**Q** 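Before anything else, here's the structure in question.
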Number of protein chains: 2
Amino acid sequence: MLTIGKLGIAAGVKVPTIRYYEQIGLLPTPERSAGNQRLYDAKAQHRLAFIRHARDLGFPLEAIRDLLSLSDTPEQSCAVADVIATEQLSAVKARIARLTALQAELERMITQCAQGTIADCRVIEVLSDHELCGEGHGARTATRCAP
Amino acid sequence: MLTIGKLGIAAGVKVPTIRYYEQIGLLPTPERSAGNQRLYDAKAQHRLAFIRHARDLGFPLEAIRDLLSLSDTPEQSCAVADVIATEQLSAVKARIARLTALQAELERMITQCAQGTIADCRVIEVLSDHELCGEGHGARTATRCAP
DNA sequence: CCTAATGTCTCTAGTACCTATAGCTTCAAG
DNA sequence: CTTGAAGCTATAGGTACTAGAGACATTAGG
């Protein structure tokens, strides 16, 4: 049985966050010790680890709630979970693509910045350019994003 | 001169967000038309594009404020902007690495899930495993993250 | 056994970054 | 000239935490 602090360390989640998850019903109300402190078993630890990893994946808490409800009621079809995971996978892929483009932009910024002063540093210009519009937002008509 | 809606379309930013940026001082208070509507020039559009792209890069608004202040006072050293960008670059790289690992995990989840019911679907188990701990949180001592 | 330090408790409030609503005014197209 | 979209202000709500205050619990050292 783990106290909340140990659980937090074990799962990589801050203590107030655990209590928050309990409050919003993502974690069940745990056992309490004689002194009213929360006590968690391995099952709770798995559940929290699941939440933490799903958050890392970019799942919003509502999607996590769905996933957990699937696990809590195993009669339901896996297809539902599959749909959620598939959706999330494409979101993750899109995020990777965007971040990769932005990484290139940052690297270029840094290179261009070199050692000058702002006067000859193009950090701001580079970032206000719409060179990434292809993947990003819908500004192609009004700005110089077109090829 | 653009109205706020046109500006929003041009920069890929929602109208209330533009007003919010003005409210928190990221955008200067713009000119107004006879009928009290905001009017933006190309400079404002660049500034907003800069903000939008920096947000895409994952810069928090405070960092963006710093960057903008650098651009507003060009005497200062570019090195400061460089430091911010460099910091952000490593954050971006870390995020890409994490997301790539998580993408693999999601793909495996989906493959494993196939067409079964939750009973033989390991979505939850896979996500509660600590297989990604190497890059992630600090649970190596308390969980089975060790090699 | 006692004390000091650390951990945990509840509760409230604050943060970041928006997003939505209500109720009004202004503008542009037919 | 009218009507419907777009703009205005102001306030409230949303997500996902995070921090602080003040009280009780637990644990390690002397």
Side-chain angles (χ1 to χ4, degrees), chain A residues 1-27 29-41 44-45 47-48 50-68 88 91 95 136-138 142, chain B residues 1-27 29-41 44-45 47-48 50-68 84 88 91 95 136-137 142:
Chain A
M1 285 300 194
L2 299 171
T3 60
I4 196 167
K6 302 280 180 348
L7 178 68
I9 291 163
V13 175
K14 286 180 187 150
V15 167
T17 305
I18 297 172
R19 289 197 277 249
Y20 169 71
Y21 287 162
E22 179 185 330
Q23 189 194 315
I24 63 170
L26 274 187
L27 290 175
T29 56
E31 270 185 75
R32 298 291 182 123
S33 73
N36 197 36
Q37 300 194 345
R38 289 170 180 81
L39 291 178
Y40 296 93
D41 55 13
Q45 193 184 329
R47 199 178 175 96
L48 181 57
F50 168 79
I51 296 169
R52 146 95 208 197
H53 287 233
R55 289 291 299 134
D56 272 354
L57 283 161
F59 284 79
L61 290 183
E62 269 320 295
I64 295 171
R65 198 188 293 278
D66 291 351
L67 246 12
L68 285 170
Q88 209 56 34
R95 260 169 107 178
H137 51 84
Chain B
M1 285 301 194
L2 299 171
T3 60
I4 195 167
K6 301 282 182 340
L7 178 68
I9 290 163
V13 175
K14 287 179 188 150
V15 167
T17 306
I18 297 172
R19 290 196 276 249
Y20 169 71
Y21 287 163
E22 179 185 330
Q23 191 194 312
I24 63 170
L26 273 187
L27 290 175
T29 57
E31 271 185 75
R32 297 291 182 123
S33 72
N36 197 36
Q37 301 195 344
R38 289 170 179 83
L39 291 178
Y40 296 94
D41 56 12
Q45 193 185 328
R47 199 178 174 96
L48 181 57
F50 168 79
I51 296 169
R52 146 94 207 198
H53 286 232
R55 290 290 301 132
D56 272 356
L57 283 161
F59 285 78
L61 290 183
E62 270 320 294
I64 295 171
R65 200 188 290 277
D66 292 351
L67 245 13
L68 285 170
I84 296 171
Q88 208 56 34
R95 259 168 109 178
H137 51 84

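All figures in this text were calculated on a predicted structure; none of them were measured in a lab. By convention in this document, chain letters (A, B, ...) are assigned in the order of the sequence lines, proteins followed by strands, and residues within each chain are numbered from 1.
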**Q** Strictly under 3.5 Å: I want the nitrogen or oxygen pairs between protein and nucleotides 26-29 of chain C, one per line.
**A**
from: C/dC27; atom 1: OP1; to: B/G35; atom 2: N; distance (Å): 3.1

**Q** Quick one: side chain to side chain contact (heavy atoms under 4.5 Å, CB included) partners of A/E31, sequence neighbours excluded?
**A**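 With neighbours one apart ignored, the set is A/M1, A/L39.
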**Q** Could you tell me the separation between the CD atom of A/E22 and the P atom of C/dT8, rounded to a whole number of Å?
**A**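 Rounding to the nearest Å, CD of A/E22 and P of C/dT8 are 14 Å apart.
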**Q** Determine the contact category for B/L61: base if any of its heavy atoms lies under 4.0 Å from a base atom, sugar-phosphate if only primed atoms, P, OP1 or OP2 are that close, otherwise nothing.
**A**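 Sugar-phosphate contact only.
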**Q** Write down the distance between OH (A/Y40) and C1' (C/dC9), rounded to a whole number of angstrom.
**A**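 Whole-Å distance recorded here is 12 Å.
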**Q** Just the endpoints, please: which first and last nucleotides of DNA chain D, 5' to 3', lie under 4.0 Å from a heavy atom of chain B?
**A**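 The contacted stretch runs from D/dG7 to D/dT9.
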**Q** Nearest 0.5 angstrom please: B/L26 CG to B/F50 CZ, how far?
**A**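 It is 9.5 Å, given to the nearest 0.5 Å.
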**Q** Does C/dA16 have OP1 or OP2 under 4.0 Å away from a side-chain N or O of B/Y20?
**A**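 Looking at the OP1 and OP2 atoms of C/dA16, neither is under 4.0 Å from any side-chain N or O of B/Y20.
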**Q** Using the test side-chain hydrogen bond (donor to acceptor under 3.5 Å, both in side chains), find all partners of A/E22 that sit at least two apart in sequence or belong to another chain.
**A**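 Listed in chain order: A/R38.
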**Q** Using atom types as modelled, flag every donor-acceptor pair under 3.5 Å from a side chain in residues 7-21 of chain B to any protein atom, sequence neighbours excluded.
**A**
none

**Q** Between side-chain atoms of residues 58-68 of chain B and protein atoms elsewhere (two or more places apart, or another chain), which donor-acceptor pairs fall under 3.5 Å?
**A**
from: B/E62; atom 1: OE2; to: B/R65; atom 2: NE; distance (Å): 2.9
from: B/R65; atom 1: NH1; to: B/I24; atom 2: O; distance (Å): 3.0
from: B/R65; atom 1: NH2; to: B/I24; atom 2: O; distance (Å): 3.1

**Q** I need the CG-C1' distance between A/L39 and C/dG7, as an integer number of Å.
**A**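 Rounded to whole Å, this separation is 13 Å.
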**Q** Report yes if a side-chain nitrogen or oxygen of A/R38 is closer than 4.0 Å to either non-bridging phosphate oxygen (OP1 or OP2) of C/dT8; otherwise report no.
**A**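 No, outside the criterion.
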**Q** Using atom CD of B/Q23 as one end and atom P of C/dC17 as the other, report the distance to the nearest whole Å.
**A**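 The answer, rounded to whole Å, is 14 Å.
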**Q** Between A/K14 and B/T3, which residue's closest nucleotide on DNA chain D lies nearer the 5′ terminus?
**A**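 Upstream on the strand: B/T3.
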**Q** Please report, rounded to the nearest Å, how far the P atom of C/dC18 is from the CZ atom of B/R52.
**A**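 About 10 Å, once rounded to whole Å.
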**Q** With sugar-phosphate meaning primed atoms plus P, OP1 and OP2, does B/R19 contact a base, only sugar-phosphate, or nothing at under 4.0 Å between heavy atoms?
**A**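 Counting heavy atoms under 4.0 Å across all strands, the contact made by B/R19 includes a base.
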